[in-house]
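Scroll down for the structure; my scribbles are underneath it.
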Amino acid sequence: MRSQFATSSLLSVLGAIECALAASLSDVPTVNDFIRRNGASATVIGDYVYFDGGEVAQLVDGELQKEAGFYDSSPVNSTISIDISKSWTNSDVVLNTIARPWASKSNQVIWTDKGEGSFYVWGGKWVRGANMTTNELWKFTTDGNGSGSWSLEEPENPALFNGLEQYEHSAYVSTADTGYSIGGLASGWTRKYRGSNQVVPGMVTFNMETKIWQNGTTAFSPFDTVVAAAAHYVPTFGTNGLVMVFGGLAMTITEVADTAGWANSPPYNFRNLTFFDPATKESYWQIASGTIPPSPRTQHCLAGFKNNDGGYEILLFGGYNHRDKFVYDDAYILSLPGFVWTKIPQTTAGGRRYHACVAVGNRQVLTIGGIRTGWDDPDPAPQGLLLFDMTDLEWKNSFDANAATYERARDIKNWYNNGSLDTVEWSSPTVQHLFVVANSTTDSGSSSSPDANSPDTEDGPSSTPAGVIAGGVIGGIAGLALIAVAAWLFMRRRRKGDRVPTSSDDGHHHGEVAQLGSRSETSPPGYMFKPQYSPIELNTQRSHAELSGTTSYTNTLLTPTGPVHMEHVQPTPVELDASTVRY
Ligand SMILES: *[C@@H]1O[C@H](CO)[C@@H](O)[C@H](O)[C@H]1NC(C)=O
Ligand SMILES: *[C@@H]1O[C@H](CO)[C@@H](O)[C@H](O)[C@H]1NC(C)=O
Ligand SMILES: *[C@@H]1O[C@H](CO)[C@@H](O)[C@H](O)[C@H]1NC(C)=O
Ligand SMILES: *[C@@H]1O[C@H](CO)[C@@H](O)[C@H](O)[C@H]1NC(C)=O
Ligand SMILES: *[C@@H]1O[C@H](CO)[C@@H](O)[C@H](O)[C@H]1NC(C)=O
Ligand SMILES: *[C@@H]1O[C@H](CO)[C@@H](O)[C@H](O)[C@H]1NC(C)=O
Ligand SMILES: *[C@@H]1O[C@H](CO)[C@@H](O)[C@H](O)[C@H]1NC(C)=O
């Protein structure tokens with residue numbers, strides 16, 4: 001009797017403690033309890049920023065959380081929205097939570113259908129390898145009030161869809177109607193029972209209107225393989241806009257992308273930039289000038305802005321150098337059509353990777369989360385949110401809902417005003433046409449379209465022809481420069497057999513030394529699948545999940561892939577169902 005009573009009261013006390021602990025963990029900790037957030041994917045629809053997925057670390061009673069007595073971070077179980085119709089600071093911002101029906105993932109692909117007011121998430125890494133499912137595409141339909149609902153989106157071609165690899169670390173982007181996922185890496189964290197890592201070549205697309213999936217091979221993608229790059233859709237240039245891909249690593253197709261693979265794979269640099277026409281898949285390159293962001297760089301973020309002159313600027317922030325093992329705290333702006341990089345002031349809130357960036361409020365970048373060293377390293381940015389003003393080139397702690405229209409920063413303006421566009425050595429006349437010379441001359445001189453200042457990065461292609469862009473970009477001196485460029489182009493075309501335009505003969509604006517380990521120029525022989533399955537002994541130590549009733553936990557990652565993701569992030573044990581079970 002007595003012992004029964006003792007047992008039941010002990011159980012109820014334990015139950016109460018468990019409840020209290022569970023209740024105290026939140027997807028949106030208070031500003032005082034917040035430590036770090038990472039791995040979320042973000043988009044903007046109407047008056048709201050939405051972000052989904054990832055993990056959060058927080059204080060519980062003044063100490064770093066220990067979920068289930070062990071974990072320093074928790075999977076985020078809600079989708080979160082932020083109202084951007086009102087101004088706020090990162091200390092008083094309201095984070096709305098919206099229920100989400102599947103187990104948490106980090107680093108999901110996010111594709112936005114602005115026209116329909118919805119977005120999709122796909123792929124990514126299952127946090128702790130818990131409750132992994134087969135391939136699923138989830139769709140969020142917004143309600144216009146910062147909330148909305150999730151549903152599973154059935155593919156129109158299920159056979160192809162069901163055969164697709166589940167993976168993370170792709171460069172993803174959406175145009176008005178299609179989502180793209182370029183390159184990537186599959187592992188035991190992304191698909192249940194996957195025994196080894198595998199680089200995913202080529203590019204997958206999802207047409208948000210027809211619901212048709214495609215898996216293009218390298219003929220369809222400008223990259224043989226690319227891992228952990230970032231992509232951006234520039235609606236302003238070309239007939240269909242252009243998709244630009246920045247950074248990442250060229251891992252070999254058969255490589256088991258272990259830590260050495262991350263450290264040693266040749267990086268894509270930020271000098272020779274690659275982009276493609278999303279409709280035709282035609283790809284191009286162009287050498288950029290200015291202060292080139294260092295590489296290797298992975299897990300960085302991008303946000304883009306149309307300016308009133310018909311040009312476009314892209315912010316690049318942070319990321320990781322897997323070769324030299326440090327987190328980047330630097331940021332740059334690439335200005336188009338000039339292909340000139342400008343280094344901007346560093347934030348005092350420190351470097352980060354696995355963060356998300358979105359363009360908000362005319363001319364501001366909102367960066368969400370990101371990790372530097374580990375979960376016990378409090379983010380100097382309250383709530384992990386930072387803002388950057390693209391015109392003033394200032395990092396801020398507040399969002400201004402009434403910020404003025406975006407204009408290029410002074411130094412970037414100067415670059416155009418003093419005729420520097422004229423000094424760009426285009427990689428080909430086709431690329432030059434895409435960016436500065438109109439095929440038709442009828443529009444030149446008219447002003448740019450009224451919505452050109454919209455920070456909307458997912459618009460359909462601009463109806464503004466290149467002539468207008470060029471005309472708007474530059475007046476006065478630079479206008480003359482354009483005429484000179486056109487004349488130069490005309491003369492060059494007449495002198496067939498001239499030197500190849502790519503040869504760099506002008507040290508003064510191409511003075512940058514090419515990045516170390518720039519991309520490999522060798523094209524691999526088709527697809528060859530020889531995954532190097534290094535047999536891995538099943539660790540006889542049991543994972544945390546199995547250790548119920550004991551207090552001895554193991555930090556050993558049981559999957560062959562764990563360390564790839566977890567280096568510099570405190571390792572967490574893996575549930576047994578992740579990929580430790582081999583068959
Ligand atoms: C999310 O759900 C998981 C599983 O129920 C739980 O362990 C975790 O604590 C939750 N995350 C947060 C931040 O509460
Ligand atoms: C996994 O599924 C179980 C059973 O449906 C559920 O209780 C648990 O909360 C889920 N875990 C996560 C992380 O969603
Ligand atoms: C949004 O909120 C407003 C004001 O609270 C309300 O009138 C409207 O019905 C809401 N719309 C939706 C779709 O929930
Ligand atoms: C697309 O096809 C290639 C070649 O068959 C394959 O290696 C790759 O894994 C596929 N991509 C996905 C995401 O399944
Ligand atoms: C830039 O990269 C492309 C491959 O995407 C290559 O064909 C071209 O030669 C490179 N240009 C220079 C100047 O290195
Ligand atoms: C034009 O302005 C840019 C940016 O201020 C500067 O770097 C460049 O040297 C200038 N070029 C000329 C020709 O004055
Ligand atoms: C515009 O010029 C480019 C480069 O010469 C050419 O490839 C393209 O077909 C032209 N487009 C039109 C619509 O004439």
Side-chain angles (χ1 to χ4, degrees), residues 18-19 21-29 33-37 40 53-58 60 65-78 80 95 97 99-105 126-128 130-131 218 221-224 226 244-245 250 266 268-276 282-291 333 335 338-343 375 408-428 431 474 477-478 481 500-505 508-512 514-515 518-523 544-545 572 575:
E18 214 177 291
C19 277
L21 274 179
S24 57
L25 288 175
S26 171
D27 288 338
V28 288
D33 287 342
F34 176 85
I35 299 289
R36 280 269 166 195
R37 183 187 290 288
E55 294 177 69
V56 65
Q58 57 200 286
V60 174
Q65 69 165 92
K66 290 278 177 257
E67 187 185 316
F70 184 86
Y71 297 106
D72 285 345
S73 63
S74 304
V76 175
N77 300 309
S78 313
I80 298 168
L95 303 170
T97 58
R100 173 149 128 318
W102 74 99
S104 301
K105 289 174 132 186
W126 297 92
V127 177
R128 298 183 193 161
N131 296 16
T218 52
S221 162
F223 298 95
D224 303 320
V226 60
M244 301 191 72
V245 184
Y268 289 95
N269 65 47
F270 293 83
R271 180 173 175 265
N272 187 352
L273 300 176
T274 304
F275 42 96
F276 65 92
E282 187 80 34
S283 68
Y284 312 94
W285 59 271
Q286 173 62 34
I287 300 297
S289 65
T291 310
I333 292 173
S335 178
F339 279 89
V340 57
W341 285 105
T342 303
K343 190 173 198 296
W375 290 116
R408 279 177 174 139
R410 201 190 53 231
D411 279 1
I412 300 176
K413 251 187 197 157
N414 283 346
W415 190 91
Y416 290 92
N417 287 342
N418 71 15
S420 295
L421 189 57
D422 182 31
T423 66
V424 172
E425 237 183 78
W426 295 99
S427 64
S428 71
V431 169
I474 37 183
I477 308 164
V500 183
T502 63
S503 70
S504 127
D505 58 352
H508 106 164
H509 58 277
H510 281 296
E512 304 81 24
Q515 304 291 308
S518 59
R519 70 170 50 183
S520 130
E521 305 283 340
T522 52
S523 50
H544 170 60
T572 53
E575 311 281 358

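In each ligand, atom 1 is the first atom listed, and ligand 1 is the first ligand listed.
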Under 4.0 Å to a heavy atom of Ser420 - the qualifying atoms of ligand 6, by number: 1 (C), 11 (N)
Counting from 1, what ligand 6 atoms have a heavy atom of Asp411 closer than 4.0 Å?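 Once the distances to Asp411 are compared, the set is 4 (C), 5 (O).
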Tell me which part of Ser26 gets within contact of ligand 1: side chain, backbone, both or neither, using heavy atoms under 4.0 Å. backbone
Does [X] use its side chain to pair, donor to acceptor, with the backbone of [Y] at less than 3.5 Å?
{"X": "Tyr416", "Y": "Gly338", "result": "yes"}
{"X": "Ser78", "Y": "Ile80", "result": "no"}
{"X": "Gln286", "Y": "Glu425", "result": "yes"}
{"X": "Arg37", "Y": "Asp27", "result": "yes"}
{"X": "Trp415", "Y": "Gly290", "result": "no"}

Rounded to the nearest 0.5 Å, how far does CD1 of Ile412 lie from OG1 of Thr342? 4.0 Å
For atom 7 (O) of ligand 6, what is the closest protein heavy atom, and at what distance to 0.1 Å?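 Residue, atom and distance for the closest contact: Trp415 CD1, 4.6 Å.
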Can you confirm whether some protein heavy atom lies under 4.0 Å from atom 9 (O) of ligand 6, or whether none does?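 Protein heavy atom within 4.0 Å of atom 9 (O) of ligand 6: absent.
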Sub-4.0 Å atoms of ligand 1 with respect to non-hydrogen atoms of Glu67: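 Within the 4.0 Å cut-off of Glu67, ligand 1 contributes 6 (C), 7 (O), 8 (C), 9 (O).
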For Asp27, counting its heavy atoms only, list the atoms of ligand 1 lying under 4.0 Å from any of them. 11 (N), 12 (C), 13 (C)
I want to confirm something. Looking only at heavy atoms, which of Thr423, Asn418, Ile412 is nearest to atom 13 (C) of ligand 6? Asn418
Could you tell me whether the side chain of Val56 reaches within less than 4.5 Å of the side chain of Pro29, counting heavy atoms only? yes
Are any of the N or O atoms of Pro75 closer than 3.5 Å to those of ligand 1?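 Yes; at least one N/O pair falls below 3.5 Å.
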